[in-house]
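All residue numbers refer to positions in the sequence shown, counting from 1. Keep in mind it's a predicted model, so treat the numbers as computed, not measured. These values consider heavy atoms only, across backbone and side chains, with no hydrogens, waters or symmetry-generated copies.
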Amino acid sequence: MDSNNTDFPAWHLESRYDAVPDLPVLAEVDVLVVGGGAAGVAAATTAAEHGKRTLVIERYGFFGGAAVAGMSGTICGMYLASDVHAEPRQVVQGFTERFRAELARRNGVTAPQRYGKTWTVTHDPLMWSETADQFVEEAGAKTLFHTSVTGVIMEQDACTGVVIESAAGRSVILAKRIIDASGDAAVIARAGYGYVFGDHGKIQNPTMFFRLGQIDMPRFLAYWGDDTINPPKVSEAIEQADSAGRYALPRKKIWIFPTTRPGELLVNATRLTARDGHMLNVIDPEDFTEAEIAGRRQVREYAAFLADNIPGCEASYVVNTGTQVGVRQTRSIVGVETLTNDDVLSCRKRDDGICRVPWPIELHAGEKPKLHWLLDDYYEVPYLALVPEQGENLIVAGRCLSAEHEALASARVTAQCFEYGRAAAIAAILSLDSGRRLRDIPGQEVRATMQALGSAL
């Protein structure tokens, strides 16, 4: 994908300034983090704890990104999958475990729950945001909520700052290193550097998560079982109810997670496609709007089905939906290196790997989710998948890393995003301290530093 943004001709994306524009300079920092999701929180905390002047900006009024605004609600990607081991085996530590442990201290995260052949944990979204507030503030980073990047300031091929916008107007932040943790590669795209949308434009569909309250949990669990993925009898019931026209239920395999709150379930059930059948790409606000409206309608359909058909849900009600639709995929950068589908399938290990990933290929595209399990094993993500092919002083963290379509369907989850954020911050610190370009930092050096900080590598 080039900088012409031909996918959305009604919008002009690239916004480069060859000099600092005539706007107020709000701040000059060592590290600017764009986006306050899992990757951004880890990046900002790590950079500030290492003594770097750090600023993180976030378009919402809270930290959390897809985990909170999108209500994905689980920290996936910590545990091995297996057909033979009956207990969870955690292979991802580092910042991920530090954050999970603090949530646990607040009673804001569940014990491991069965998810097919692996395990995950469900968190309280408010406590997630409060924990992130604490981490970032105590580290000494500054935060600006309700703020977005609208332009990139370039000095030849080096990014030296951004133009930001809020209700107060526009201003400039000058930064020595920028970590794009926006999830959408917002800085990379505005600079005109390369990115792709999934498999030749085919991306994973979004979903609208919701929470159900007033559940009779013993009766529900006795019927549903201990796997958060629905048993076959539920898929059959959904199929029958949908075919009979009693409800509109496009997705037949659904996932339900007990939460930390008594009598409450987190539901991942909706499948959102456009009225004309195309895959919704939420970079386009028209698609985003359609997804939000259709998502809320589908929530009511699935909630009614659950109340009418699933024991323990008879008196249930919708507590809330995500602040926004849950987004799995938009832009992926063209990186110096790319995580390939074969890397995932072969569980490739590497001396420049900065994160273990045991999560399956969980592909939400088409009629039903595809799950390809990585049994009793994991692969590692190369450092240079975070570094864009073009541009200096820029690195990404989160789901917009350089990865092929199915590889991203495994690598995009929350536990890994925490570790990508830490890796990007470590690279920025090493780059600042040594004067080396981000692309010249050996992945082995980033890996060794992360190991010293407790990452399991």
Side-chain angles (χ1 to χ4, degrees), residues 72-94 96-97 100 109-123 204 207 220-239 251-259 265-269 271 310 328 339-350 353 355-381 403-419 455-457:
S72 65
T74 56
I75 304 177
C76 298
M78 291 191 292
Y79 304 100
L80 288 174
S82 183
D83 276 334
V84 296
H85 292 277
E87 298 297 324
R89 292 175 295 154
Q90 186 171 342
V91 294
V92 176
Q93 297 287 338
T96 303
E97 173 56 21
R100 188 214 63 81
V109 67
T110 66
Q113 302 178 49
R114 172 69 71 177
Y115 174 84
K117 298 175 188 288
T118 190
W119 304 80
T120 189
V121 296
T122 305
H123 62 78
Q204 297 183 74
T207 192
F220 170 79
L221 291 174
Y223 176 82
W224 191 273
D226 66 354
D227 194 336
T228 55
I229 300 177
N230 72 253
K233 62 186 176 184
V234 173
S235 289
E236 293 166 7
I238 293 172
E239 182 68 55
R251 180 170 155 191
K252 308 306 187 282
K253 192 171 187 177
I254 67 175
W255 305 329
I256 294 182
F257 308 87
T259 77
L265 298 172
L266 171 69
V267 185
N268 178 349
R271 181 172 66 83
I310 304 301
R328 297 184 173 96
L339 178 70
T340 69
N341 298 338
D342 187 63
D343 290 337
V344 175
L345 295 171
S346 65
C347 291
R348 181 182 176 187
K349 315 298 189 298
R350 43 198 311 149
C355 180
R356 292 176 174 177
V357 190
W359 194 249
I361 294 175
E362 181 198 327
L363 189 66
H364 294 258
E367 291 299 313
K368 61 180 181 179
K370 169 186 175 179
L371 285 174
H372 177 91
W373 299 100
L374 310 177
L375 296 177
D376 301 299
D377 211 347
Y378 58 86
Y379 61 93
E380 294 180 334
V381 176
E404 291 183 339
H405 185 49
E406 294 199 356
L408 185 69
S410 166
R412 63 176 172 78
V413 292
T414 305
Q416 282 60 48
C417 286
F418 278 129
E419 296 305 295
S455 291
L457 292 166

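- Qualifying side-chain hydrogen bond (donor to acceptor under 3.5 Å, both in side chains) partners for Ser346, counting only residues two or more places apart in sequence or in other chains: none.
- Under the salt bridge (charged side-chain N to carboxylate O under 4.0 Å, His left out) criterion, Asp226 pairs with no residue at all, not counting sequence neighbours.
- Annotation: the span from Phe418 atom CZ to Met78 atom CE amounts to 9.0 Å, rounded to 0.5 Å.
- In terms of modelled atom types and a separation under 3.5 Å, the side chain of Asn268 and the main chain of Trp255 share no donor-acceptor contact.
- Taking the six-membered ring where the residue is Trp, Tyr115 and Phe257 present parallel rings, their angle staying beneath 30° rather than reaching 60°.
- Taken to the nearest 0.5 Å, the OG atom of Ser82 stands 11.0 Å off from the CG atom of Asp377.
- Contact between Ala407 and Leu339 at its shortest, heavy atoms only, is CB-O, 3.7 Å.
- The main-chain N or O of Asn341 is found under 3.5 Å from a side-chain atom of Glu404 such that the two form a donor-acceptor pair.
- The side-chain heavy atoms of Gln204 and Arg412, taken from C-beta on, include a pair separated by under 4.5 Å.
- Looking at residues two or more places apart in sequence or on another chain, you find no salt bridge (charged side-chain N to carboxylate O under 4.0 Å, His left out) involving Asp342.
- No donor-acceptor pair closer than 3.5 Å links the side chain of Gln416 to the backbone N or O of Cys355.
- Taking the side chain to side chain contact (heavy atoms under 4.5 Å, CB included) definition, one finds that Lys233 meets it with Tyr223, Pro231, sequence neighbours left out.
- Judged by distance alone, with hydrogens and angles left aside, the side-chain atoms of Ser235 form a donor-acceptor pair with the main-chain N or O of Lys252 at under 3.5 Å.
- Between Asp376 and Lys117 there is no salt bridge, since no side-chain N of the basic residue sits under 4.0 Å from a carboxylate O of the acidic one.
- Using a 4.5 Å cut-off on side-chain heavy atoms (C-beta onward), Cys76 and Thr120 make contact.
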Test side chain to side chain contact (heavy atoms under 4.5 Å, CB included) applied to Thr228 and Leu266, step by step: CA-CA 10 Å; Thr228 55; Leu266 171 69; over 6 Å; no
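- Contacts of Ser455 classified as side-chain hydrogen bond (donor to acceptor under 3.5 Å, both in side chains), with partners at least two apart in sequence or in another chain: Glu419.
- In this structure, Leu363 and His405 have side chains that are in contact, with non-hydrogen atoms separated by less than 4.5 Å.
- Side chains of Arg350 and Tyr379 form no contact here, defined as non-hydrogen atoms less than 4.5 Å apart.
- Thr122 places no side-chain N or O within donor-acceptor distance of the main-chain N or O of Thr110, the cut-off being under 3.5 Å.
- Applying the side-chain hydrogen bond (donor to acceptor under 3.5 Å, both in side chains) rule to Asp343 yields the partners Thr340, Arg348; only residues at least two apart in sequence or on another chain are considered.
- Not counting sequence neighbours, the partners of Pro360 by the side chain to side chain contact (heavy atoms under 4.5 Å, CB included) test are Leu371, Trp373.
- Residues satisfying the side-chain hydrogen bond (donor to acceptor under 3.5 Å, both in side chains) criterion with Thr74, sequence neighbours excluded, are absent altogether.
- At least one donor-acceptor pair under 3.5 Å links the side chain of Thr118 to the backbone N or O of Leu80.
- Applying the ring pair (Phe, Tyr, Trp, His ring centres under 6.0 Å) test to Phe220 and every residue at least two apart in sequence or in another chain returns Trp224.
- A pairwise comparison of heavy atoms in Gly116 and Asp227 identifies N-OD1, 2.9 Å as the closest pair.
- In this structure Pro88 satisfies the side chain to side chain contact (heavy atoms under 4.5 Å, CB included) test together with Tyr79, Pro112, Trp119, sequence neighbours excluded.
- Side-chain N or O atoms of Arg356 include one that pairs as donor or acceptor with a backbone N or O of Val91 at under 3.5 Å.
- Among pairs with a residue in residues 72-82, none fulfils salt bridge (Lys or Arg N to Asp or Glu O under 4.0 Å), at least two apart in sequence or across chains.
- Between Val413 and Gly77, the shortest heavy-atom distance links the atoms CG2-CA, 4.1 Å.
- If you take CG on Leu265 and CD1 on Ile256, they are separated by 6.0 Å, rounding to the nearest 0.5 Å.
- Of all non-hydrogen atoms in Ile75 and Thr414, the two that sit nearest each other are CA-CB, 4.2 Å.
- A donor-acceptor pair is defined here as one N or O able to donate and one able to accept, closer than 3.5 Å; such a pair exists between the side chain of Gln113 and the backbone of Pro258.
- Take Gln93 and apply the side chain to side chain contact (heavy atoms under 4.5 Å, CB included) test, not counting sequence neighbours, and it matches Gln90, Glu97, Ala456.
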Check against side chain to side chain contact (heavy atoms under 4.5 Å, CB included), Leu345 and His372: CA-CA 9 Å; Leu345 295 171; His372 177 91; 3.4 Å; yes
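- With rounding to the nearest 0.5 angstrom, the CD1 atom of Ile310 is 7.0 Å from the CD1 atom of Ile254.
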